[in-house]
Amino acid sequence: MSSVNGPSGVTPLEGMLAALGAEDAPTGFELGVLKALGIAQSRYDTYALVDSPAGGLYVAGDGRALTGAMLAAVVADRREFEEQHLARTGRSVISAADPPAGVRPALRTGRASGVAIDLAGLSALEQAVLGAVRRIPRGQIRPVSWVAHEAGLTATAPVVEALARNPVHVLIPCHRVADDSGRPYDAAYGHDAGEALRRAEGMDPQYIESLTRLEMVFLGSDTTHIYCHPTCAHARRITPPHRVPFRSAAEARHAGYRPCKSCRPVPA
């Protein structure tokens, strides 16, 4: 028997297996093994690393809906993503060659409202907040008070907390939420990522900063006497001579302006 053992008493086969265990399996290998064993996907999630305007994005799903997404910049590596996913959902996540259906078009267009997302592990309050965030159109920003109103809340603090715990980065677009002065929050994935995502959606950081500096919370049209959030598609069509800035909904209402039915400013 000594002829088949190495100096440390480990057989060559055991040594080879140990070496294999130290290497990452090729993408799709683990998934192929599970399928070959007849283990249904109802017992695990799959994920893939895809490109986004803010860099690599790990996106997981269970075959019916997305169950998580995290920018690669905020985790050390894919193992950390897998561990965080397991801790949050209680489900293992297996690397696959392709992301869940619909992810790539949603990232390319910035329109993910049609992609199913499973938020079952979150509280009802968090689900309401993130559901409201999902309704913010591409290329537009809404203040935290708007998100609170849409979610049926009277306070904004729970909104900020829910944004920071967003488990589906980018596809639930927290970069489209700002404080009530217009300064973006970027609570879930940081300012640099938020800036990259807003730029990809055609939002000019300098314009957004100027709105904040000038305390231009709403923008009205002196021809229609309607006021909007400044990034609303209707507000962007107001020509400079007809723009009327407002610092609050009360100020706009006092001036005889009514809220836009599209971006739905929170009424005074």
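Note: hydrogens, waters and symmetry copies are ignored here, and every other heavy atom, side chains too, is used.
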Would you find a donor on one side and an acceptor on the other, under 3.5 Å apart, between the side chain of R138 and the backbone of T109?
yes
Is L171 close to V115 at the side-chain level, that is, under 4.5 Å between some pair of heavy atoms?
no
Please collect all ring pair (Phe, Tyr, Trp, His ring centres under 6.0 Å) contacts where either partner lies in residues 63-118, sequence neighbours excluded, each pair once.
Y47-F81, Y58-F81, F81-H85
Would you give the length of the straight line joining atom SG of C232 to atom CG of L219, rounded to the nearest 0.5 angstrom?
10.0 Å
Do V160 and V266 sit in the same hydrophobic cluster, where Ile, Leu, Val, Met, Phe, Trp and Tyr count as joined when their side-chain heavy atoms come under 4.5 Å apart?
yes
With salt bridge (charged side-chain N to carboxylate O under 4.0 Å, His left out) as the test, would you mind laying out the steps for E201 and R198 before giving the verdict?
CA-CA 5 Å; E201 295 181 9; R198 285 186 290 275; over 6 Å; no
Looking only at heavy atoms, the pair that brings L153 and P158 closest together is CD1-CB, 4.5 Å
What pair of heavy atoms forms the shortest contact from T156 to S145, and how long is it?
CG2-CA, 4.0 Å
Restricting to pairs with a member in residues 100-145, which pass ring pair (Phe, Tyr, Trp, His ring centres under 6.0 Å), not counting sequence neighbours?
none
With the threshold set at 4.0 Å, does a side-chain nitrogen-carboxylate oxygen contact exist between E82 and R78?
yes
Which pairs, with at least one residue in residues 160-204 and sequence neighbours excluded, count as a ring pair (Phe, Tyr, Trp, His ring centres under 6.0 Å)?
H169-Y189
Is it true that a side-chain atom of R142 and a backbone atom of R176 form a donor plus acceptor pair closer than 3.5 Å?
no
Show me the side-chain donor-acceptor pairs of residues 66-77 shorter than 3.5 Å, one per line, residues at least two apart or across chains.
| unit_1 | atom_1 | unit_2 | atom_2 | d |
| --- | --- | --- | --- | --- |
| T67 | OG1 | D45 | OD2 | 2.9 |
| D77 | OD1 | R79 | N | 3.1 |
| D77 | OD1 | E80 | N | 3.0 |

Considering non-hydrogen atoms only, spot the tightest contact between I117 and R134 and give its length.
CD1-CZ, 3.5 Å
Please assess S221 against I226 for the test side chain to side chain contact (heavy atoms under 4.5 Å, CB included), listing each intermediate value before the final yes or no.
CA-CA 6 Å; S221 166; I226 292 173; 5.7 Å; no
Tracing side-chain links under 4.5 Å among I, L, V, M, F, W and Y, which residues wind up in one group with I208?
I141, M203
Flag yes if V244 and L214 sit in one hydrophobic cluster, no otherwise; membership is Ile, Leu, Val, Met, Phe, Trp, Tyr, and two members link when side-chain heavy atoms are under 4.5 Å apart.
no
Could I get the full list of side chain to side chain contact (heavy atoms under 4.5 Å, CB included) partners for A128, not counting sequence neighbours?
A151
Which residue pairs pass the salt bridge (Lys or Arg N to Asp or Glu O under 4.0 Å) test when at least one of the two sits in residues 117-126, sequence neighbours left out?
E126-R165
If you take all heavy atoms of E195 and P205, which pair is closest and at what distance?
OE2-CB, 3.3 Å
Filter on ring pair (Phe, Tyr, Trp, His ring centres under 6.0 Å), then keep only pairs touching residues 98-135, sequence neighbours left out; what's left?
none
Least distance between heavy atoms, Y227 atom then A249 atom
OH-CB, 3.6 Å
Which heavy atom of A60 sits nearest to which heavy atom of P100, and what is that distance?
C-CG, 3.9 Å
Which atom pairs, donor and acceptor, lie under 3.5 Å between side-chain atoms of residues 257-264 and protein residues at least two apart or in another chain?
| unit_1 | atom_1 | unit_2 | atom_2 | d |
| --- | --- | --- | --- | --- |
| R258 | NH1 | T224 | O | 3.3 |
| R264 | NE | E150 | OE2 | 3.4 |
| R264 | NH1 | S262 | O | 3.3 |
| R264 | NH2 | E150 | OE1 | 3.2 |

Heavy atoms of other groups near R199 CZ, more than 12 under 6.0 Å:
no
How many angstroms lie between CG in L197 and CG in D186, if you round to the nearest 0.5 Å?
8.5 Å
Counting C-beta onward and ignoring hydrogens, is there a side-chain heavy-atom pair between L107 and D51 closer than 4.5 Å?
no
May I ask you to check whether over 12 heavy atoms, not counting those of H225, lie within 6.0 Å of atom NE2?
yes
Which pairs with one or both residues in residues 205-226 pass salt bridge (Lys or Arg N to Asp or Glu O under 4.0 Å), sequence neighbours excluded?
E215-R247
Tell me which one of V129, L119, I136 satisfies side-chain contact (heavy atoms from CB on, under 4.5 Å) with I172.
L119
Working to the nearest 0.5 angstrom, can you tell me the gap between L163 CG and L130 CG?
7.0 Å
Give a yes or no on whether L211 and V217 share a hydrophobic cluster (residues Ile, Leu, Val, Met, Phe, Trp, Tyr; joining criterion: side-chain heavy atoms under 4.5 Å apart).
no
Sorted by chain and residue number, the side chain to side chain contact (heavy atoms under 4.5 Å, CB included) partners of P99 (sequence neighbours excluded) come out as A48, V50, V103, R104
Quick check: is F218 connected to M216 through a chain of hydrophobic side chains (ILVMFWY, heavy atoms under 4.5 Å apart)?
no
My understanding is that only residues two or more places apart in sequence, or in another chain, count here; which of them pass side-chain hydrogen bond (donor to acceptor under 3.5 Å, both in side chains) with S92?
none
Evaluate side chain to side chain contact (heavy atoms under 4.5 Å, CB included) for V144 paired with D180, printing each intermediate quantity in order.
CA-CA 6 Å; V144 68; D180 283 336; 3.8 Å; yes
